[in-house]
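Protein chains get the first letters and strands the later ones, always in sequence-line order, with residue 1 at the start of each. These numbers come from the heavy atoms of this one structure, side chains and all, not from hydrogens, waters or symmetry mates.
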Amino acid sequence: MKMEKKEKILKVLNEIFRKELNNDSLIIDFLSSPKNIEGWDSVTNLLLISSIEEKFNIQFSIDFIFEAENVGDFCGYILTNSTVEF
Amino acid sequence: MEKIYEVNINNLYSLLDSFYGNKHGVSVIKTQNYTVVASETSVWPNIIYRTDEGIFTDNLIEEFIYIIKKNNFSDLILLENSTQSYLKLKDKGFFPIEKWIGMTYNNFANIPNVVCETNVDIFVTIIDSDLEKWAEVVSVTLFNKKIFDTQIVKYLISKGAQIVIAKSFNVVIGTALIWIDENNIAGIYMVSVIEKYRGMGVGRKITRHCLKIILERNINLCILQATKLGVYMYENIGFERTGSCFLYKKIK
């Protein structure tokens, strides 16, 4: 059940990443990170965070922003903190 | 703020304070609550930091925004150590772009040896051509290729800073800057290595060399601000974490 929800979150995140990184064919997975996604730098990270917060009605903590290493971390945080139904 | 971290961050403030009196196009604005250090010609220094310990008020943030707009300080970075300011700053369009982890080193009797996988010579320089290359490397590695004015580097040397350069077969591959403050505490800044030479131990070797220079000055406490990527390297050398702060930029 948890995994299913995470997969659903991942799908939504994929759309956000495509829009913010301006790449319509981008496919992300739980291990996607700035190390393996072209264009995911400190500036686009801010745009991604803004869009994700808006979409899932959450506020990332400042520590999380600097500790998150990959998309899987974002999914986990959203799953725990978002009130949006999946 | 924890006492030891205060010591750490005060070294940075001391370095920035050296520009007081509008030196080389660097404006220093000091108020009761904060200090602004902003350069017209260089990506660094460009920083606002609070000098009070109170709550970050809306009025203060609005004042920062006014200063940024009025002076067109587009590169200005806001340094803030309290995580409690985050949401308030974010509401006003300031986003956190970097986390600095304050670190200290005091084990000068046991500066460790480090292995470096490439031939590298490290030394303090005052030669113009080296300083130009140093500024170029710092610009590329730390400031997204924005101009780091060599005049700023020369000015800092005149105030006592030591510019450390790493060369491999006469090519500049790494940088650092040492600043000793009024309390005889040494700060290491702008440790960087060009991309091609990363992961070979060059950064560790530069840091070790800086510690040796500091030891020669009979100083027994060294500080630095590490990024997430650098913190493990410094811990590996023997630095300890003392606190953290965040750098914000006005995005919206």
Knowing that exactly one of A:Leu46, A:Ile49, A:Ile65 qualifies, which makes a side-chain contact (heavy atoms from CB on, under 4.5 Å) with B:Phe95?
-> A:Leu46
Any chance CD1 of B:Ile147 has more than 12 other-residue heavy atoms, nucleotides or ligands included, within less than 6.0 Å?
-> no
For B:Glu240, look at atom CD and say whether over 12 heavy atoms of other residues, nucleotides or ligands are found less than 6.0 Å away.
-> no
Quick check: are there more than 12 heavy atoms from other residues, nucleotides or ligands sitting under 6.0 Å from CD of A:Glu7?
-> yes
Go through the atoms of A:Ser50 and report whether side chain, backbone, both or neither lie under 4.5 Å from a heavy atom of chain B.
-> side chain
Which is it for A:Ile62 and B:Tyr248 under the side chain to side chain contact (heavy atoms under 4.5 Å, CB included) test, yes or no, and what are the steps along the way?
-> CA-CA 11 Å; A:Ile62 191 166; B:Tyr248 289 83; 3.1 Å; yes
Where on B:Lys249 is there a heavy atom nearer than 4.5 Å to chain A: the side chain, the backbone, both, or neither?
-> neither
Does the side chain of A:Ser42 come within less than 4.5 Å of B:Ile97's, by heavy atoms?
-> no
Evaluate whether atom CD of B:Glu235 has more than 12 neighbouring non-hydrogen atoms of other residues, nucleotides or ligands under 6.0 angstrom away.
-> yes
Residue among A:Asp63, A:Asn45, A:Val43 with most heavy-atom pairs under 4.5 Å to chain B = A:Asp63
Look at atom NZ of B:Lys250 and say whether more than 12 heavy atoms of other residues, nucleotides or ligands are closer to it than 6.0 Å.
-> yes
Any idea which heavy atoms bring B:Tyr86 and A:Phe60 closest together, and the distance?
-> CE2-O, 3.2 Å
Nearest heavy atoms of B:Lys228 and A:Glu67, plus distance in Å | NZ-O, 3.6 Å
Is A:Lys55 atom NZ crowded by more than 12 heavy atoms from other residues, nucleotides or ligands, each under 6.0 Å away?
-> no
